[in-house]
Structure formats: structure tokens, C-alpha cells
Undergrad: 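Have a look at the structure that comes next, please.
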Amino acid sequence: MKNRKIVNLLCYSDEAEKGFLLLDNGYIFTETIVAPHGTGKAGINIFESINELTSLKGNDFTKLTEQITNL
């Protein structure tokens, strides 16, 4: 993962503060500060592709680059 560039920020409408960083190699990163009830997926979450993310969370996200071009 060394020397990768962030190419976009993906945001889901149901998660007001959380963003997903899309890297130039297709990997997506996000973080979870606190896990529900103190257990579970606290830490860094890595998705190997946009397909993996959308199969888990759906495709109802916006891209930062689309928001900028629509201004």
C-alpha cells in the first residue's frame, strides 16, 4: 500500500460523518472509532474493490469529485 494516492472520497447518506477513501489502486479505506457495544469492527476497515463495498453497503453513495463538479 505504499505510495498510493487518494483519488476520491465516498460518502453514504446514512453516515453523516464517515467517509471512505478510494485509492488509485481501487482499495477503499475507512475507520471505525468505537464498535457497537464495545465489540466488533473497531479500527481500520479495508475493502479490496468498489464491488466489495457496494455488496455490503449498497451503491447509494456520493463521490466528492461529483459534488465539486456540480457546484
Undergrad: Roughly how far, to the nearest 0.5 Å, is the CD atom of Glu31 from the CG atom of Asn45?
TA: 8.5 Å
Undergrad: Using atom types as modelled and distance alone, determine if a side-chain donor or acceptor of Tyr12 lies under 3.5 Å from a backbone N or O of Gly58.
TA: yes
Undergrad: If I compare all heavy atoms of Gly19 with all of Cys11, which pair ends up nearest, and what's the gap?
TA: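 Here Gly19 and Cys11 meet closest at CA-SG, 4.4 Å.
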Undergrad: Taking side-chain hydrogen bond (donor to acceptor under 3.5 Å, both in side chains) as the definition, give me every residue that meets it alongside Asn51, ordered by chain and number, with sequence neighbours left out.
TA: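 Here no residue qualifies.
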Undergrad: State the CG-CD1 distance between Asn8 and Ile28, to the nearest 0.5 angstrom.
TA: 10.0 Å
Undergrad: Would you say Tyr27 and Arg4 make side-chain contact, with heavy atoms under 4.5 Å?
TA: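 No, side chains not in contact.
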Undergrad: Which residues satisfy the ring-ring contact (aromatic ring centres under 6.0 Å, His included) test with Phe47, sequence neighbours excluded?
TA: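 Partners of Phe47 by the ring-ring contact (aromatic ring centres under 6.0 Å, His included) criterion come out as none, since no residue qualifies.
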Undergrad: Are the side chains of Ile6 and Phe29 in touch, meaning some heavy atoms are under 4.5 Å apart?
TA: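 With C-beta onward as the side chain, the pair stays apart.
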Undergrad: Do Thr30 and Leu53 touch side chain to side chain, with heavy atoms closer than 4.5 Å?
TA: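 No. Closest side-chain heavy atoms not under 4.5 Å.
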Undergrad: Would you indicate whether the side-chain heavy atoms of Leu9 and Leu21 approach each other to under 4.5 Å?
TA: yes
